[in-house]
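What follows is a single structure, written as structure tokens, with notes after it.
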Amino acid sequence: MSVAEQSIAGAEARGHGFMASSVGRKVVMAATGIVLFGFVTVHMIGNTQAYMGAGTFNSYAKFLQTMLHGAGIWIFRAVLLAATGLHIWTAVTLTLDNRAARPVGYRAEQNIASTWASRTMRWSGFILAVFIVYHLMHLTIGNVHPAFDHANPYANFVKGFQVPAASGFYIVAQLCLGLHMWHGVWSVTQTLGLVHPRYDSLRRTFATGLTLLVVGVNISYPVAVLAGFIH
Ligand code: HEM
């Protein structure tokens, strides 16, 4: 079966209703995207505690693990997992449906900008998914960490980033996060209906500012450890 035939079969299998319609799935993709960008922003702010030393960072990690008598972290993990799963599912099925709708593809010169944007979204999204699995194995589970200690998240952070290859991968992944966030924030504001030319510069400033802030601060962590500033 060709990709187009598989996609048509998939679209038929999805049947009717909100999640079967491309508008419904775009709304789900936008809503889960907002949840994930919100998490990434809060996570970036939380990690700034690393600049305040081992005591502050470890108390913050302890707070996350014990909030709501330990249930908080599991509620939060369930929400993140569901948002990530729905986000990837809607992205993949929308892409396949789009391909089925135009199996021959546009002539390149007609569609350079949007093809470039959607292609980068797929690549940056894929690299981010690989990064998240690695990141969980590195700093949460610890099975790919050189000296993981469940009782000392600060030491895990420092020793983890002292490995240049690991830090390098974090930096590349943050650049992909930047591409993904920039285009994602820009498109989500469009999905929310802010398409009037009057809002364009506001949307661009918001997407660029938020992306530069998150990516810049995230990249500062491995760089600060490698430079010996956080030790
Ligand atoms: C350089 C940037 C980052 C640093 C320094 C960092 C640091 C950390 C640390 C130290 C933990 C473990 C907390 C603990 O167990 O006490 C953690 C967990 C986690 N991080 Fe990051 N992170 C970064 C970027 C990201 C990004 C970009 C994402 C998502 C796209 C992400 C998603 C997660 C998730 C899902 C967890 C697991 C939370 C849990 O369920 O326990 N992180 N991160």
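In each ligand, atom 1 is the first atom listed, and ligand 1 is the first ligand listed. Sequence positions, counted from 1, serve as the residue numbers for this chain.
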Side chain to side chain donor-acceptor pair (under 3.5 Å) partners of Asn152, counting only residues at least two apart: Asn58

By side chain to side chain donor-acceptor pair (under 3.5 Å) - contacts of Ser124 (at least two apart): His180

Report the nearest protein non-hydrogen atom to [atom]: residue, atom name, distance rounded to 0.1 Å.
atom: atom 1 (C) of ligand 1; answer: Asn218 O, 3.1 Å
atom: atom 41 (O) of ligand 1; answer: Arg77 NH2, 2.8 Å
atom: atom 32 (C) of ligand 1; answer: Phe39 CE2, 3.4 Å
atom: atom 38 (C) of ligand 1; answer: Phe76 CE2, 4.3 Å

Within 6.0 angstrom of Phe206 CZ, more than 12 heavy atoms from elsewhere: no

More than 12 heavy atoms of other groups within 6.0 Å of Tyr51 OH: yes

Which atoms of ligand 1 have any heavy atom of [X] under 4.0 Å away?
X: Phe161; result: 5 (C)
X: Gln174; result: 27 (C)
X: Phe131; result: 25 (C), 26 (C), 27 (C)
X: Ala61; result: 16 (O)
X: Gln65; result: 15 (O), 16 (O)
X: Phe157; result: 5 (C)

Evaluation steps, side chain to side chain contact (heavy atoms under 4.5 Å, CB included), between Thr90 and Lys26: CA-CA 7 Å; Thr90 47; Lys26 272 186 191 146; over 6 Å; no

Cluster overlap Leu175 with Leu213, hydrophobic side-chain contacts below 4.5 Å: no

For atom 35 (C) of ligand 1, the option (of Ile219, Asn58, Leu80) bearing the nearest heavy atom: Leu80

Euclidean distance, Thr32 OG1 relative to Leu80 CG, rounded to 0.5 Å: 11.5 Å

Heavy-atom closest contact (Val217 atom, Ser220 atom, distance): O-OG, 2.6 Å

Smallest separation among heavy atoms of Gly46 and Tyr60, with atom names: CA-OH, 3.3 Å

Region of Leu136 engaging ligand 1 - heavy atom pairs below 4.0 Å: side chain

Side chain, backbone, both or neither: the part of Met44 lying under 4.0 Å from ligand 1 by heavy atom: neither

Protein N, O or S atoms under 2.8 Å from atom 21 (Fe) of ligand 1: 2

Centroid separation Tyr170 to Tyr221 less than 6.0 Å: no

Centroid-centroid distance, His138 to Phe148, less than 6.0 Å: no

Short N or O distance, Tyr221 and ligand 1, threshold 3.5 Å exclusive: no

Any protein heavy atom < 4.0 Å from atom 13 (C) of ligand 1: no

Side chain to side chain contact (heavy atoms under 4.5 Å, CB included) assessment of Ile230 paired with Tyr154: CA-CA 10 Å; Ile230 297 182; Tyr154 183 81; 3.4 Å; yes

Any residue meeting ring pair (Phe, Tyr, Trp, His ring centres under 6.0 Å) with Phe57, in chain and number order, not counting sequence neighbours: Phe157

